[in-house]
Protein chains: 2
Amino acid sequence: MQHVEDLYPTRKDGREHIIDRRDPVIWGEPEADLPSGLPEDRLKQFARDGYLVVPDVFSQDEVALMQAELDRLAADRDVRAREEAVLEPDSEIVRSLFAPHRFSPLFDRVARDRRLTDPIRQMLADDLYLHHARVNVKPAFDGRSFAWHSDFETWHAEDGLPRMRAVTGWIMLTENTPSNGPLMLIPGSHKIFVGCPGETPDDHYKTSLRRQKLGVPHADTLREMARKGGIAGAYGKPGTVVFHECNTLHGSPDNMSPWDRRNLMFVYNAWSNRPVGKPFSARKPRPAFLSERPDAPLVPAEGPLAQA
Amino acid sequence: MQHVEDLYPTRKDGREHIIDRRDPVIWGEPEADLPSGLPEDRLKQFARDGYLVVPDVFSQDEVALMQAELDRLAADRDVRAREEAVLEPDSEIVRSLFAPHRFSPLFDRVARDRRLTDPIRQMLADDLYLHHARVNVKPAFDGRSFAWHSDFETWHAEDGLPRMRAVTGWIMLTENTPSNGPLMLIPGSHKIFVGCPGETPDDHYKTSLRRQKLGVPHADTLREMARKGGIAGAYGKPGTVVFHECNTLHGSPDNMSPWDRRNLMFVYNAWSNRPVGKPFSARKPRPAFLSERPDAPLVPAEGPLAQA
């Protein structure tokens with residue numbers, strides 16, 4: 001097993017350790033031709049803030065197609081029985097559907113869409129693979145809040161991603177508004193790494209995906225970072241795409257609107273940033289449906305989504 | 001005991017009853033001279049939406065004065081021991097302070113400030129008295145959400161206010177933003193009365209002020225009303241005042257920001273709208289610190305707040 005230096009120690013002891021980011025945000029010039037790439041100024045904005053909201057990336061017809069596919073999957077008995085499906089305890093509604101590209105040709109196609117992958121290849125200057133994907137449903141009235149955290153902290157500790165070289169591209173399938181539990185971010189927080197106290201218990205993912213406790217920075221740390229960067233909400237109409245740097249601190253309030261909020265989320269890791277050896281702060285990596293290990297980079301696809 | 005017709009039946013049986021509002025929102029021309037009144041177009045906006053956000057009503061110096069007074073009260077052992085003070089179970093922080101005008105000359109002065117009372121006298125066309133007052137603290141990170149409800153539904157059922165002739169005027173002591181559990185409202189919802197199922201238990205206020213369950217309209221009702229009116233947030237800088245019609249549906253998400261959110265809230269009822277007899281859907285009225293019964297209307301005060 002290859003030894004890789006732990007550049008971002010976390011969950012090693014009882015204390016919080018704050019260090020500067022040791023990786024670039026924009027990793028250099030991508031070699032490929034990227035027809036759906038972002039203009040220079042938007043990339044600069046992403047590098048500064050650690051996230052970027054781009055409206056009107058997918059059309060309303062394409063959103064309708066994805067919504068219908070999700071309805072179909074959520075009603076499918078075989079899908080509901082899969083480990084990738086998390087049902088609400090009371091209502092039996094599908095709350096999360098992990099790795100939907102595994103059993104939906106449409107979502108496999110969306111995962112490879114150049115409108116998502118081209119901008120992220122610009123940022124990461126490498127081939128990409130899908131590290132993690134999910135449909136996130138935040139139910140009307142009852143969808144609970146999620147505490148502040150950095151995704152990278154978890155992916156480093158529990159999956160073994162060595163460097164900050166991953167970006168989430170996610171699609172709003174319903175409108176995201178201040179009242180329906182939108183993603184909130186601390187702009188600029190991706191430039192700091194907060195190594196957290198504690199130790200990862202085995203199978204931590206079984207509780208952490210419902211409620212994040214480990215990996216939440218200290219109140220004073222969050223206060224200082226929010227004082228500097230403020231708190232921004234990612235709002236937009238269906239079809240909006242958000243690019244979210246892996247280390248940007250984020251969380252969300254509860255959904256108090258009378259409508260479910262649905263987002264479709266793909267995490268892309270640089271091919272050269274695959275986990276090597278065991279995770280940095282857990283005894284074994286999370287299961288593959290949460291932390292994919294494919295044999296080859298993904299092959300981008302072009303053009304509008306169409307009925308299969 | 002005088003008999004008053006129940007125009008807004010609620011908590012009478014197991015069903016929800018939806019009726020049109022039977023009262024005006026603007027009750028006519030006030031007779032008094034109201035130097036701090038609102039212009040006509042803002043009153044129309046209030047009549048249409050059921051709420052109105054007015055920035056820069058109190059100066060930053062005045063806000064600082066109120067904040068300091070609140071800090072003083074929250075640290076005062078005698079105040080903390082009063083029934084009007086509700087402490088957080090864990091942190092012992094003062095979460096709510098009811099009727100602060102009773103033991104703070106400054107807050108008594110604020111309650112009578114013409115910048116609050118003149119606009120509400122324009123709306124209610126009557127003398128006013130303070131039905132209810134409180135400082136609302138929504139703690140950083142942990143301040144929980146509050147379900148959709150109409151205040152009038154409670155005040156009618158549990159206090160005995162006969163008509164929709166009361167308005168809340170509240171002051172932002174800290175900034176109210178999408179991330180700190182702001183008030184959210186359904187514009188136009190004040191024109192409908194949702195009579196709710198259920199029966200008021202004795203001493204209901206002891207739980208309802210923490211978590212509203214009774215008096216929450218049905219999900220389908222809320223969905224239909226939000227579809228028509230949308231959901232709006234009341235955001236603003238410290239010193240902003242919000243006028244809130246007694247029947248406008250509202251609620252709030254949790255405070256996920258790293259800062260406490262503090263608002264100072266005064267509910268004014270028309271002098272002619274005092275409770276007569278017993279409440280409409282409870283065996284006895286709430287205690288006086290939640291539902292005041294003064295001997296005379298309040299006497300408005302003019303000019304900037306000053307150190308006592």
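Chain identifiers are assigned alphabetically (A, B, ...) following the order of the sequence lines, protein sequences preceding nucleic acid strands; residue numbering begins at 1 within each chain.
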Toward chain A, the part of Met256(B) with a non-hydrogen atom under 4.5 Å | both
How many angstroms lie between atom CZ of Arg144(A) and atom CG of Asp254(B), to the nearest 0.5 angstrom?
-> 7.0 Å
Which one, Glu224(B), Met184(B), Arg227(B), leads in non-hydrogen pairs under 4.5 Å with chain A?
-> Met184(B)
Looking only at Ala147(A), Ser257(A), Gly181(A), Gly251(A), most heavy-atom pairs under 4.5 Å shared with chain B are made by Gly251(A)
Is Asp71(A) atom CG crowded by more than 12 heavy atoms from other residues, nucleotides or ligands, each under 6.0 Å away?
-> yes
Is the CD atom of Gln60(A) crowded by more than 12 outside heavy atoms at less than 6.0 Å?
-> yes
Counting heavy-atom pairs under 4.5 angstrom with chain A, the leader among Gly233(B), Pro182(B), Ala226(B) is Ala226(B)
Are more than 12 heavy atoms from other residues, nucleotides or ligands located less than 6.0 Å from atom CG of Asp13(B)?
-> yes
Give, as side chain, backbone, both or neither, the part of Leu222(B) having an atom under 4.5 angstrom from any heavy atom of chain A.
-> both
Honestly, the part of Ser252(B) sitting under 4.5 Å from a heavy atom of chain A is backbone
